[in-house]
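The block underneath contains the structure these notes are about, expressed in structure tokens.
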Protein chains: 2
Amino acid sequence: MEQLYKQLQLENQLCFSIYATSREITKVYKPLLDKLGVTYPQYLALLVLWEHETLSVKKMGELLYLDSGTLTPMLKRMQDQELVIRQRSHEDERVVFISLTEKGKNLRDKACHIPEEVFSMTNKSQGELEKLKETLQELLQSLHTYNQK
Amino acid sequence: MEQLYKQLQLENQLCFSIYATSREITKVYKPLLDKLGVTYPQYLALLVLWEHETLSVKKMGELLYLDSGTLTPMLKRMQDQELVIRQRSHEDERVVFISLTEKGKNLRDKACHIPEEVFSMTNKSQGELEKLKETLQELLQSLHTYNQK
DNA sequence: CCCTATTTAATTGTGTATAATTAAATAAAA
DNA sequence: TTTTATTTAATTATACACAATTAAATAGGG
């Protein structure tokens, strides 16, 4: 039983180190994203829109692992800020396409230097972070596949 | 500029792989924690209480990297479920101590097997996950120190 | 063609997160 | 001792997250 209790110690929880690190990263981004007027999840939406130009809500949800309960209100807030346009498909009225406004497109240049600024806070080498990212992407795939079943 | 745009691709974002993995892990825990009647953040609170018996809200916040705006309402919900007791310190009326009820203590035995069940979903070796945890703990420390300044 | 199943967003309700403010209590300085 | 600064929770307001449900539209089978 002692051995089992030991596995419940906070210090031994990989899940907690991921959970806490994720929130600390969001805090590092905060002052940088405040300059752009967006939150961290909104920044992720911009990343995929800068890459894809136009996306359905469903496709964005697949890329970001978020569902419509999260995306719909968030994208409406981004529409209010005139960062994105939401329009229903004519071919299939169930589908809503999201695209960038000029204002949304222009934020890309202001965001360019964010990755290196965040990198400088980590005290880690590029290689170490690259390795970490790859391990997490594999883990993410395993867990996501399991959660889909 | 192309090089800078490339760094904004979702696939190149370590931050996103941490963020998405964290949420997928929470989903893996969901059915296991439903049996105990708690959420994932509530489970983290139980982990530290099982280790420390009694804690102030401040101390719990330091351990979990959460502030009173998150903990106060969460601990009130846990009190409503009769998992914890909240009582103000007599020495310093600003301090609120949190301790476990019998019901809260007893959940420990039901939680014992959760870590190994989650482990089995990862498709990774113990060693690989241990290494991942250590890297993340170092990163967490760097980011937290930076966020405190 | 009609019925059923599926797909897709939106909505609703609950539970975190966090910044900013408030309020109470303690400690420290003048 | 009186004032000032600090500490600690609680409160408030905003923004995610996600499960579950709803509603509309499309697709597929008979």
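Chain A is the first sequence line, chain B the second, and so forth, proteins listed ahead of strands; every chain is numbered from 1. In what follows, every heavy atom counts, from backbone to side chain, and hydrogens, waters and symmetry copies are set aside. These numbers come from a predicted model, not from an experiment.
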Problem - Non-hydrogen atoms of B/Val28 and A/Tyr146 that approach each other most closely - result: CG2-CD2, 4.1 Å

Problem - Which residues share a ring pair (Phe, Tyr, Trp, His ring centres under 6.0 Å) with B/His144, sequence neighbours left out - result: B/Tyr65

Practice task
Considering only NZ, NE, NH1 and NH2 on the basic side and carboxylate oxygens on the acidic side, decide whether B/Glu128 and B/Lys133 come within less than 4.0 Å.
Solution key: no

Practice task
Quickly work out the A/Gln87 CD to C/dA9 P distance and round it to whole Å.
Solution key: 14 Å

Practice task
Hey, which sits more toward the 5' end of DNA chain D by its nearest nucleotide, B/Lys58 or B/Asp67?
Solution key: B/Lys58

Problem - Parallel, tilted or perpendicular: ring planes of A/Tyr43 versus A/Tyr29, cut at 30 and 60 degrees - result: tilted

Exercise for the section: Would you name the heavy atoms of B/Leu75 and B/Arg86 that are closest together and state the gap between them? Expected result: O-CD, 3.9 Å

Problem - N or O in side chain of A/Arg88 less than 4.0 angstrom from C/dA9 OP1/OP2 - result: no

Practice task
When you get a sec, tell me which of C/dA9, C/dT18, D/dA10 is the closest nucleotide to the side chain of B/Leu66?
Solution key: C/dT18

Problem - Value rounded to 0.5 Å, distance of CG in B/Leu47 from NE2 in B/His52 - result: 11.0 Å

Practice task
Could you check whether B/Ser68 gets within reach of a base, just the sugar-phosphate, or nothing at all, counting any heavy atom under 4.0 Å?
Solution key: base

Problem - Separation of C/dT16 P from B/Asp80 CG (nearest whole Å) - result: 12 Å

Practice task
Answer yes or no: does atom CD of B/Glu11 have more than 12 heavy-atom neighbours from other residues, nucleotides or ligands under 6.0 Å?
Solution key: no

Practice task
May I have the distance from B/Lys30 (atom NZ) to D/dA19 (atom P), rounded to whole angstrom?
Solution key: 7 Å

Practice task
Looking at every strand, decide which applies to B/Ser56 at a 4.0 Å heavy-atom threshold: base, sugar-phosphate, or nothing.
Solution key: sugar-phosphate

Problem - Phosphate-side-chain proximity, B/Arg86 and D/dA10, N/O vs OP1/OP2 below 4.0 Å - result: yes

Fill in the blank from the handout: 5'-most contact on DNA chain C (nearest-nucleotide basis), A/Thr26 vs A/Glu62, goes to A/Glu62

Problem - Touch class at under 4.0 angstrom, heavy-atom based, for A/Asp92 against every strand present - result: sugar-phosphate

Problem - Any residue of residues 69-77 of chain B with a heavy atom less than 4.0 Å from an atom of DNA chain D - result: B/Gly69, B/Thr72, B/Lys76

Practice task
Figure out the NZ/C1' separation between B/Lys59 and D/dT7, and round it to whole Å.
Solution key: 16 Å

Problem - Nearest-Å distance for atom pair CD/C1', residues A/Gln42 and D/dC16 - result: 10 Å

Handout entry: Length of the CD-C1' vector between B/Glu93 and C/dT26, whole Å
Key = 11 Å

Practice task
Among the candidates C/dA10, D/dA25, C/dT18, find the nucleotide nearest to the side-chain atoms of A/Val57.
Solution key: C/dA10

Problem - Listed nucleotide nearest any side-chain atom of A/Thr39, set D/dA15, C/dT8, D/dA19 - result: D/dA15

Practice task
Check whether any side-chain N or O of A/Gln13 sits under 3.5 Å from a backbone N or O of A/Gln7 as a donor-acceptor pair, and report yes or no.
Solution key: yes

Problem - Whole-Å distance separating the OH atom of A/Tyr40 from the C1' atom of D/dT14 - result: 19 Å

Practice task
Measure from the side-chain heavy atoms of A/Arg94 and tell me the nearest of C/dA25, C/dT18, C/dT8.
Solution key: C/dT8

Fill in the blank from the handout: When rounded to whole Å, the CD to C1' distance for the pair B/Glu91 and C/dA27 reads 16 Å

